[in-house]
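For reference, the structure discussed in these notes is given below.
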Number of protein chains: 2
Amino acid sequence: MNAGGAPENGQVVIGLNAVIVAIIEEQPKVLIVQHTPETLTAQHETLTDRALPHDDRHEALPFGPFYPLKHRTLESGLRSWVEEQTNHEIGYVEQLYTFGNEGRDPREEAGGPRLVSVSYVALVQDTAPTAIETAIWHDWYRYFPWEDWREDTPALLESDIIPALRQWIETSTDPAQRQDRYERTCITFGLDDTPWNDELVLERYELLYEANLVAEAQDHITDPVQIDFRGTAMALDHRRILATAIGRLRGKIKYRPVVFELMPPTFTLLQLQKVVEALSGSRLHKQNFRRLIEKKGLVEATGKIESQTGGRPASQFRFRREVLMEKQALGVRQN
Amino acid sequence: MNAGGAPENGQVVIGLNAVIVAIIEEQPKVLIVQHTPETLTAQHETLTDRALPHDDRHEALPFGPFYPLKHRTLESGLRSWVEEQTNHEIGYVEQLYTFGNEGRDPREEAGGPRLVSVSYVALVQDTAPTAIETAIWHDWYRYFPWEDWREDTPALLESDIIPALRQWIETSTDPAQRQDRYERTCITFGLDDTPWNDELVLERYELLYEANLVAEAQDHITDPVQIDFRGTAMALDHRRILATAIGRLRGKIKYRPVVFELMPPTFTLLQLQKVVEALSGSRLHKQNFRRLIEKKGLVEATGKIESQTGGRPASQFRFRREVLMEKQALGVRQN
DNA sequence: CCCCTTATACTCAAACTGAGCACAAGAGGC
DNA sequence: GCCTCTTGTGCTCAGTTTGAGTATAAGGGG
């Protein structure tokens, strides 16, 4: 029996997709591989790349095959290939979404099977280097430069994106559509006094895509400079998957203690704050942040002192892993 | 190309699973079909049942096939068969989880393909009856009687489950394991002053399963009475899926305005409260609930009066669907 | 008209939040 | 050794939110 029923109903292929996140030097990073459309659907390929002209290649999320005979669960399948290939121990894995849209894989048009990808977010600690030379840690704001508000409003927003969106709104001839576009822009991009919502990463990306301000991998790009101007494009719908992952993580840290999966065994409170800020792309009030953390009781002082702070030495803390279960309900984000 | 890679790596089948929820007469209901292990994996079957001896049948979640050639997205595939088969318009669909565990489908043992189910929660309004006679609306607390705290603590908990769990804790010979069991029971079942957390539906179910206090479909049940004593069993892992759905919904209503998808076009605030209570399985403080709702601005008075309240007439409200996008961040739950 | 029920307004203390002040304690320059 | 810069840490304070009531309104049924 084939996947998805009788052959006349089409064939299906299952892949496991991973957004592997680490914080390296206060920057949020994702593990990225270079891939061609061909290697992307070849489920038995490793992450290793082939030599190919640069134009045909795209930055992609790593993926692995799902072998029902080898893998007891989807998650264990994911864990096994990620750990094997990246040399990182995965502290935390969360299923993100299953993507099965038509047209995800350009090879479908040529009669290829439908690609269904079960995607995961994995959090790893900033430790060993990756085993694969072709896999690189990239700052995730490389793909979404407008999402990083840690140093004030992103310049690109003010100078380019907002004006372009306003023009897109005005471009519409139908007043109802204009109204609709305006409202959605307000909500997602915080226009005209609406506050910026850090979780709407996917919604913002999709609005930009609709307004033709960012390119997807499939799009024909005549001007190669434009590829990177409003963030780097990715293979297939991987940029969308990444946007989903960032939005989800930003939401999750507010009510579950998942940040600690990204932390070294001991850390100072400022280090913890920097990690939260890296993920959420915003600045937090230091005193209130420590008040929050201490109140939740997720953390305990080791008694040691960290003196490489550039100022007064800070006490070291450790995550109280014992409370992981107990504190299902406790996050780490003010606001 | 077959699903999941080369044949020696096993075959895979994709199904779409739906937890279809409606509130009928203040009770949370799920749409349930009767199915045998055979019909469960026959992806091209409709919901319609076959005549079979009662013992071989189990209550199951409805599912539908995914046809890559017909369905542009997984969600549209789901929508199309649900709407066609249930006669209900679906207001809201959310992807829940993709299950691909080994042993989900007993036919695997006989060399059958691995069953991967993409499951969804769908919310429908309490309107037209279902098109299928074999599909029934069942109270979801039928499967999880310990989850309904609307009338005080569930009797079953005090009289049966908690004592049985305490015994299970003591049964362990290893003190570390005993400690672990005790802590997990505290957290999930709110033992010894730990507060009850309404979202831990799946965690509670899995603890009970581990403690051998509930049966799964595959289990051999010698005493048929026990099937229903601690909640009715379901086919395959459907009870687990349902638990996931309930937990997810209980979480979601707290920060997204999804309840309104279950409401009729106009309603009183008490009706709205009853629906929230039905989902969360707990009682809310009436005055504070209305304060919350009014503050959020999700709702507006129609100006009309509902006088069938059994007391003073209440004003009718309508959901302000305009703010659906805007209020991404607003839920409806105190606490 | 009394009583039961539900609706709705309003109060009040406790807890939480956002913002900021003030001081502590190291490093480096002079 | 002292000044200054930097980061850590304790504490205040007003504004808001929350949980838990009290009080009153307004229908229906006997």
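Chain naming here is simple, since letters A, B, ... match the order of the sequence lines and numbering starts at 1 in each.
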- [ ] Mind telling me whether B:Tyr205 and B:Phe144 have parallel, tilted or perpendicular rings, with 30° and 60° as the class edges?
- [x] perpendicular
Task: Sugar-phosphate or base contact per nucleotide [nucleotides 25-30 of chain C; S, B, -; heavy atom under 4.0 Å] - done: BB----
Could you tabulate the donor-acceptor pairs under 3.5 Å formed by side-chain atoms of residues 265-272 of chain B, not counting sequence neighbours?
| residue | atom | partner | partner atom | Å |
| --- | --- | --- | --- | --- |
| B:Thr268 | OG1 | B:Gln271 | N | 3.2 |
| B:Gln271 | OE1 | B:Thr268 | N | 3.2 |

- [ ] Starting at atom CZ of A:Phe289, determine the distance to atom C1' of C:dC16, rounded to an integer number of angstrom.
- [x] 17 Å
TODO: Can you label the angle between the A:Tyr143 ring and the A:His138 ring as parallel, tilted or perpendicular, going by 30° and 60°?
DONE: perpendicular
Task: Touch class at under 4.0 angstrom, heavy-atom based, for A:Leu270 against every strand present - done: sugar-phosphate
Open item on the list: Ignoring hydrogens, what is the shortest heavy-atom contact between B:Lys254 and B:Glu199? Give both atom names and the distance.
Closed with: NZ-OE2, 2.8 Å
Open item on the list: On a heavy-atom basis, which atom in B:Asp198 and which in B:Arg250 lie closest, and how many Å separate them?
Closed with: O-NH1, 2.9 Å
TODO: Provide, to the nearest angstrom, the distance between the CG atom belonging to A:Leu292 and the P atom belonging to C:dA15.
DONE: 17 Å
Open item on the list: Parallel, tilted or perpendicular: which one describes the rings of B:Phe319 and B:Phe260, with boundaries at 30° and 60°?
Closed with: parallel
Task: Nearest-Å distance for atom pair CD/P, residues A:Gln273 and D:dT7 - done: 12 Å
Open item on the list: Hydrogens and angles aside, do B:Gln27 and B:Arg150 bring a side-chain donor and acceptor to less than 3.5 Å of each other?
Closed with: yes
- [ ] Would you mind reading off the distance between B:Ile305 atom CD1 and D:dG28 atom C1', rounded to a whole angstrom?
- [x] 16 Å
Between the protein and nucleotides 20-22 of chain D, are there any N/O to N/O pairs under 3.5 Å, and if so, what are the atom names and distances?
| residue | atom | partner | partner atom | Å |
| --- | --- | --- | --- | --- |
| D:dA20 | N7 | B:Asn288 | OD1 | 3.4 |
| D:dA20 | N7 | B:Asn288 | ND2 | 3.0 |
| D:dA20 | N6 | B:Asn288 | OD1 | 3.3 |
| D:dG21 | N7 | B:His285 | NE2 | 3.0 |
| D:dT22 | O4 | B:Gln287 | NE2 | 2.6 |

TODO: Measure the CG-CG distance between A:Leu165 and A:Asp160 for me, rounded to the nearest 0.5 Å.
DONE: 9.0 Å
- [ ] Would you please confirm or rule out a distance under 4.0 Å between OP1 or OP2 of D:dT9 and any side-chain N or O of A:Lys286?
- [x] no
